[in-house]
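Notes follow the structure.
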Number of protein chains: 2
Amino acid sequence: MTRAVTLTEVAREAGVSPSTVSRILNGTARVGDDKASQVRRAIEKLGYTRNAFARSLATGSSGIIGVLTPDIASPFYNDALSGIERGLMGSGYSPLMISGHWRTGEEEHAVELLLGRRVEGLILLGGQLPDAEIRAVAAQVPVGVLGRVVNLDAWGGVSIALDQRQSARDLVTYLVGRGHRVIGHISGPPDHADARERLAGYREALEDCGLRFQPSLVVAGDFQELSGLIGMQRLWQRCPRLTAVFCANDQMAYGARLALHRLGLRVPEDLSLIGFDDLPGSAYTTPPLSSVRQPMAEMGRWLARAVLARLRGEAIPPFTPRQELMLRESVATRRVGPDPAHPPRRPKPLP
Amino acid sequence: MTRAVTLTEVAREAGVSPSTVSRILNGTARVGDDKASQVRRAIEKLGYTRNAFARSLATGSSGIIGVLTPDIASPFYNDALSGIERGLMGSGYSPLMISGHWRTGEEEHAVELLLGRRVEGLILLGGQLPDAEIRAVAAQVPVGVLGRVVNLDAWGGVSIALDQRQSARDLVTYLVGRGHRVIGHISGPPDHADARERLAGYREALEDCGLRFQPSLVVAGDFQELSGLIGMQRLWQRCPRLTAVFCANDQMAYGARLALHRLGLRVPEDLSLIGFDDLPGSAYTTPPLSSVRQPMAEMGRWLARAVLARLRGEAIPPFTPRQELMLRESVATRRVGPDPAHPPRRPKPLP
DNA sequence: CTGTTAGCGCCTTCAA
DNA sequence: TTGAAGGCGCTAACAG
């Protein structure tokens, strides 16, 4: 409401020059104890807080790392956000987060805004921005990308992503190893890169194991719970011989699980279910859901550190994110008799 | 990497004065079409973005609303964050979010930082800051508080909170109405105001209905899933006559639900379960969880609007948040025979 | 150790 | 319609 107190006012109150106050605030130089305490008293009395803008303008550095997230309320990306927060903690930099709401236009706008605020680094979580635009930004500030492979080497950027396809293969191979032969898939939206990778992994795993890929066993969802529920209903209707379903993410697996509950089918006795992402809640569904964990928090934390390292010209710390199969209780073992027509090929052992 | 382009450089490139460029950027005055297009071309060519700091410094306004959240990754507060985001959208203000991690010290530090960034308004989600400190801040910028009652009238602040106690009463009264007589409670941490309110509501509802409050039927959790699981085990061990349990939040209800699954008890046939908060996932648990919905997103949105209104000296829009009992499938009706010793008093009808 | 001086990039009078 | 000049609050040489 009232105009904020300025450094100059503090200086006047303390009877010293502005530079002295500045020096005390920044510890830039030794200052006499008497003046120092006078200044401190003045600051206290006036309730002074440094104006970060003026400071940034003068020093030429904002102390801000921009973070573009698709959705501030997405359970999936949130872990990455806390990781970033932790990675930045104590560095003197603070994150400025904006959501792009999965829309390219909004994302571009957000990047513009971030650049206008002179962020010194930029972290992108997933997102729809074309690689070319990301590279253009990387030419201006250090960029870190999570969940997407973008070649930024020539621009000094980093990108970190897990092999979605491989994880999907591992998951499906695991199902086959447990004796499942008719495995459905509820996929994500076909225009989503991760969704396509996970579908491809599903398909490859089946073929590796000598099973036929059947398009009718795949229904597309949108990564939300409801679509999992509907997808499961459709799948069951189409093919009651189904013994397992691989959902492209945990949220859809939750929906599928409810559909089964409604159908009076037990998990895993009647049908095995498996998800992807390992959301925090997945350890507490009934039964606890098997899934593959993407270490989002660790990745976010590392990415923040990597961007900081770039900023300070240090070497980027090494890091190999590991996906982890979280095998819980949503998958049952099926005894599978020998089938002369399709002798089950031995699935590859899990790594 | 390279120093950013400045307005002056654009002016030189376009062969006009800086003020002209500024005017075009802001639409502050009519400018000749020829110059305008020249400037536009120069901006394009140089890849110019306005320096928000310099701008803020000159205009004296930052265009930022600070948001202090206990946890950037909390499913509960996240909805409020998206609401705030939506409320601010198109206003020219953007949110700057910081987490306090439930620690008073961090919260104070965050507020300091926010004030240093000259936020023009401040939104507090819950939090531990003492009322006095909030009022001190409110003296400087418009403040909005969500999920906590703080008297800010004299300072021009707003606070919005739901009556946790009443909702808890409604919930428990509902259980009694469905025939439950032995109702347990897994409470939140005793030092958390909401947790205390919900516990008080539980107690009052029991007493209103002529049931005795039994401390042994209450176990304290910490609002996390695991504590719900452990709490449920303990409760069942202590008192197998239990027919319903009221969990102080949904996350603990998830844990409790898993504990019951492990114990081989069915929900709701063997034991009814009810939560609080209505997280997005609660509609998809098995069975779907009855809970009370706090319209966090709407509240966040309104709060953002209210702070904006204050900022512009407009009237604050009216809003009455309504909690809503989300009655789903986790509660069963018990037939209850007449009990001569304790004739069941008729519970108050729900509003 | 401390004060003086000159910007940082932009906006906003005031003249022209 | 346009340009010149001054200042927003702070920092960083440069002299003492």
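Keep in mind the model is a prediction, meaning the values are calculated, not measured.
Taking each heavy atom of Pro295(A) and Leu162(A) in turn, the nearest pair found is CD-CD1, 3.6 Å. Taking each heavy atom of Ser159(A) and Arg148(A) in turn, the nearest pair found is OG-O, 3.4 Å. Between Leu308(A) and Gly87(A), the shortest heavy-atom distance links the atoms CD1-O, 3.8 Å. In terms of heavy-atom proximity, Gly100(A) sits nearest to Leu68(A) at N-CD1, 3.9 Å.
A close approach under 4.0 Å does not occur between any side-chain nitrogen or oxygen of Asn51(B) and OP1 or OP2 of dC8(C). An OP1 or OP2 oxygen of dT11(D) is reached within less than 4.0 angstrom by a side-chain nitrogen or oxygen of Arg50(A). Between Thr20(B) and dG3(D), a side-chain N or O to OP1/OP2 separation shorter than 4.0 Å is present.
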Between Ser17(A) and Thr20(A), is a side chain to side chain donor-acceptor pair (under 3.5 Å) present by the stated rule, with each step listed?
CA-CA 5 Å; Ser17(A) 77; Thr20(A) 303; 3.2 Å; yes
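When the C1' atom of dT11(D) is taken as reference, atom CG of Leu57(B) falls 12 Å away, rounded to whole Å. Here the P atom of nucleotide dC10(D) and the CD1 atom of Ile43(A) are 10 Å apart, to the nearest Å. Put simply, CG on Leu25(B) is 6 Å from P on dC11(C), counting in whole angstrom units. The distance between atom CZ of Arg117(A) and atom P of dG9(C), rounded to the nearest whole Å, is 17 Å. Per the geometry, CD belonging to Glu9(B) stands 13 Å off C1' belonging to dC8(C), to the nearest Å. Whole-Å rounding puts the Lys35(B) NZ to dG3(D) C1' distance at 9 Å. Rounded to a whole Å, the CZ atom of Phe53(B) is 24 Å from the P atom of dG7(D). Between the CG atom of Leu46(B) and the P atom of dG9(C) there is a distance of 14 Å, given to the nearest Å.
Between the axis at the start and the axis at the end of the helix from dC1(C)-dG16(D) to dA16(C)-dT1(D) there is an angle of 40°, using five pairs per end and rounding to 10 degrees.
Base contact: Ser19(A) has a heavy atom under 4.0 Å from a base atom. Residue-level contact check: Gly32(A) touches the backbone only, with heavy atoms under 4.0 Å from sugar-phosphate atoms and none from bases. Ser22(B) comes within contact range of at least one nucleobase, with a heavy-atom separation under 4.0 Å. Nucleic acid contact for Thr6(B): sugar-phosphate only, since backbone atoms but no base atoms lie under 4.0 Å from a heavy atom of the residue.
When each of Gly15(A) and Leu7(B) is assigned the nucleotide of DNA chain C with its nearest heavy atom, Gly15(A) is the one assigned upstream, toward the 5' end. Comparing Val16(B) and Pro18(A) against DNA chain D, the residue whose closest nucleotide sits nearer the 5' end is Val16(B).
Looking at the side chain of Tyr48(A), the nearest of the listed nucleotides dT2(D), dC10(D), dT2(C) is dC10(D). Considering only side-chain atoms of Arg23(B), the nucleotide from dT13(C), dC8(C), dT2(C) that sits closest is dT13(C). Among dT2(C), dT2(D), dT11(D), the nucleotide with an atom closest to any side-chain atom of Val31(B) is dT2(D).
By the 30° and 60° cut-offs, the orientation of the rings of Phe53(B) relative to Phe53(A) is tilted.
A 6.0 Å sphere centred on CD of Glu112(B) holds no more than 12 heavy atoms belonging to other residues, nucleotides or ligands. The environment of CG in Asp33(A) is sparse: at most 12 heavy-atom neighbours from other residues, nucleotides or ligands sit within 6.0 Å.
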